[in-house]
Amino acid sequence: MGLKEDFEEYAEKAKTLPESTTNENKLILYGLYKQATVGPVTTSRPGMFSQKERAKWDAWKAVEAKSKEDAMNDYITKVKQLQEAAAAS
């Protein structure tokens, strides 16, 4: 399987992560996913009254220097780590 297929498989697996997954980890996954699928941020930062949208934007902005391939690889690695942590608890 190619990287894109692996990435799509892990994007599906990410949906089954436990509720206990921290917001920090969810934001990391969000940022990597957006970078892998869309590329660098193209919108302006949401205002301070949109805390959730702002946090998501910040997570995406933090990884915008990565190539789409690096973002896909990092996303897959992060999902694997979270799955292992969930299985161990």
Problem - Non-hydrogen atoms of L17 and V79 that approach each other most closely - result: CD2-O, 4.5 Å

Exercise for the section: Mind listing the closest non-hydrogen atom pair of A11 and Y75 along with its distance? Expected result: CA-OH, 3.5 Å

Practice task
Kindly compute the distance separating CG (L82) from OG1 (T22), expressed to the nearest 0.5 Å.
Solution key: 7.5 Å

Please report, to 0.1 Å, the donor-acceptor pairs under 3.5 Å made by any side chain of residues 1-8, with sequence neighbours excluded.
{"residue": "K4", "atom": "NZ", "partner": "E8", "partner atom": "OE2", "Å": "3.0"}
{"residue": "E5", "atom": "OE1", "partner": "G2", "partner atom": "N", "Å": "3.0"}

What residues, two or more places apart in sequence or in another chain, satisfy salt bridge (charged side-chain N to carboxylate O under 4.0 Å, His left out) together with [X]?
X	value
D70	none
E9	K13
K15	E12

Practice task
Please list, chain by chain and in numerical order, all residues satisfying side-chain hydrogen bond (donor to acceptor under 3.5 Å, both in side chains) with K26, sequence neighbours excluded.
Solution key: none

Using atom types as modelled, flag every donor-acceptor pair under 3.5 Å from a side chain in residues 27-41 to any protein atom, sequence neighbours excluded.
{"residue": "Q35", "atom": "OE1", "partner": "W60", "partner atom": "NE1", "Å": "3.4"}
{"residue": "Q35", "atom": "NE2", "partner": "E64", "partner atom": "O", "Å": "3.1"}
{"residue": "Q35", "atom": "NE2", "partner": "K66", "partner atom": "O", "Å": "2.9"}
{"residue": "T37", "atom": "OG1", "partner": "Y33", "partner atom": "O", "Å": "2.8"}

Handout entry: Listed once per pair and sorted, the side-chain hydrogen bond (donor to acceptor under 3.5 Å, both in side chains) pairs that draw on residues 77-88, sequence neighbours left out
Key = N25-K78

Practice task
Could you list all the side-chain hydrogen bond (donor to acceptor under 3.5 Å, both in side chains) pairs where at least one residue sits in residues 40-53, not counting sequence neighbours?
Solution key: T43-W57, R45-D58

